[in-house]
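No hydrogens, no waters, no symmetry mates; every other heavy atom, side chains included, goes into these values. Predicted, not measured: the structure shown is a model, and the values here were computed from it.
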Amino acid sequence: MAKKRIKKETPENLSEIIINSIQEKKGKHIVSLDLRKLDHAVSDHFIVCSGNSTTQVLAIADFIQDEVFLATGTKPWHKEGMLNAEWVLLDYVNVVVHIFQETTREFYKIEKLWADAEIKEIEAID
């Protein structure tokens with residue numbers, strides 16, 4: 001089996017790998033927030049998506065980590081939420097991934113907290 005070529009780690013490259021991974025695992029309501037033009041932003045990009053269950057949320061998170069590591073050799077700097085899988089956060093410093101269960105996402109409305117960001121909706125693959 002041929003190994004994937006290791007790509008240079010840039011925020012755009014990471015975002016592309018992450019979004020493709022989410023689509024592969026059937027994540028829903030995928031949104032990319034570009035925070036670079038905002039003062040006091042904690043990262044360059046947020047990527048937000050939803051899963052239908054704890055199993056799907058964890059599958060998305062695990063697959064993202066595997067694919068990013070395979071492509072770039074990078075592991076998340078920090079991760080949270082893997083135990084209850086209501087809201088999993090994967091922090092790659094310049095790109096932060098938020099994987100929610102639908103009800104938790106509706107409660108926190110993270111996109112509205114960062115409404116000044118450039119927001120791009122990404123098509124989910126069914």
Side-chain angles (χ1 to χ4, degrees):
M1 173 167 50
K3 290 184 179 181
K4 287 186 180 179
R5 191 179 85 196
I6 294 184
K7 299 178 181 178
K8 183 179 178 190
E9 182 186 330
T10 65
E12 292 77 17
N13 189 347
L14 278 176
S15 294
E16 180 183 340
I17 295 164
I18 291 163
I19 289 166
N20 289 340
S21 299
I22 293 167
Q23 290 172 322
E24 179 91 14
K25 291 297 175 183
K26 309 295 186 209
K28 302 293 183 200
H29 312 292
I30 307 166
V31 177
S32 175
L33 288 82
D34 187 339
L35 307 170
R36 291 176 291 184
K37 295 180 182 173
L38 302 181
D39 293 335
H40 311 294
V42 296
S43 182
D44 290 343
H45 300 275
F46 278 178
I47 298 174
V48 184
C49 72
S50 302
N52 295 325
S53 65
T54 56
T55 303
Q56 187 182 21
V57 167
L58 290 174
I60 293 168
D62 287 341
F63 195 65
I64 289 169
Q65 292 176 85
D66 291 345
E67 291 296 297
V68 169
F69 185 77
L70 192 58
T72 68
T74 303
K75 293 182 180 181
W77 175 73
H78 184 74
K79 59 185 173 181
E80 291 187 28
M82 299 294 280
L83 290 178
N84 67 8
E86 297 273 332
W87 175 2
V88 172
L89 180 138
L90 301 175
D91 186 347
Y92 287 96
V93 183
N94 292 323
V95 179
V96 178
V97 186
H98 301 270
I99 309 161
F100 288 97
Q101 287 194 40
E102 286 288 344
T103 53
T104 306
R105 185 174 182 175
E106 298 249 341
F107 180 80
Y108 286 103
K109 301 180 193 289
I110 196 167
E111 294 96 329
K112 290 190 188 262
L113 292 174
W114 295 94
D116 291 342
E118 182 181 321
I119 299 173
K120 181 180 175 187
E121 293 188 24
I122 310 295
E123 186 177 334
I125 298 174
D126 290 324

Side chain to side chain contact (heavy atoms under 4.5 Å, CB included) partner of W114, the single match among D34, L35, I119:
L35

Could you check whether any side-chain heavy atom of [X] comes within less than 4.5 Å of a side-chain heavy atom of [Y], counting everything from C-beta outward?
{"X": "N94", "Y": "L14", "value": "no"}
{"X": "T54", "Y": "Q101", "value": "yes"}
{"X": "E86", "Y": "V57", "value": "no"}

Spacing of [atom1] belonging to [X] relative to [atom2] belonging to [Y], to within rounding of 0.5 Å:
{"X": "I18", "Y": "F63", "atom1": "CD1", "atom2": "CZ", "value": "12.5 Å"}
{"X": "H98", "Y": "T104", "atom1": "NE2", "atom2": "OG1", "value": "13.5 Å"}
{"X": "H29", "Y": "E106", "atom1": "NE2", "atom2": "CD", "value": "8.0 Å"}
{"X": "N20", "Y": "I122", "atom1": "CG", "atom2": "CD1", "value": "9.5 Å"}
{"X": "M82", "Y": "L89", "atom1": "CE", "atom2": "CG", "value": "11.0 Å"}
{"X": "D44", "Y": "L38", "atom1": "CG", "atom2": "CG", "value": "10.5 Å"}

Are [Y] and [X] co-members of a hydrophobic cluster defined by side-chain heavy atoms under 4.5 Å apart?
{"X": "V95", "Y": "I64", "result": "yes"}
{"X": "I60", "Y": "V96", "result": "no"}
{"X": "I125", "Y": "I17", "result": "no"}
{"X": "V68", "Y": "L58", "result": "yes"}
{"X": "V31", "Y": "I22", "result": "no"}

Considering only distance and modelled atom types, tabulate donor-acceptor pairs under 3.5 Å from the side chains of residues 45-52, sequence neighbours left out.
| from | atom 1 | to | atom 2 | distance (Å) |
| --- | --- | --- | --- | --- |
| S50 | OG | E102 | OE2 | 3.4 |
| S50 | OG | R105 | NH1 | 2.8 |

Less than 3.5 Å apart, any donor N or O on the side chain of E67 or S21 sitting next to an acceptor on the other?
no

Within the distance-only criterion (no hydrogens, no angle test), does the side chain of Q56 pair as donor or acceptor with the backbone N or O of K25 below 3.5 angstrom?
yes

Is a side-chain N or O of T74 found less than 3.5 angstrom from the main chain of F69, in a donor-acceptor match?
no

Taking every heavy atom of Q65 against every heavy atom of Y92, the minimum-distance pair comes out as CA-OH, 3.5 Å

Heavy-atom closest contact (A61 atom, L90 atom, distance):
O-CD1, 3.8 Å

Taking atom CD as the centre, does E118 end up with more than 12 heavy-atom neighbours from other residues, nucleotides or ligands that are less than 6.0 angstrom away?
no

Please list, chain by chain and in numerical order, all residues satisfying ring pair (Phe, Tyr, Trp, His ring centres under 6.0 Å) with Y108, sequence neighbours excluded.
W87

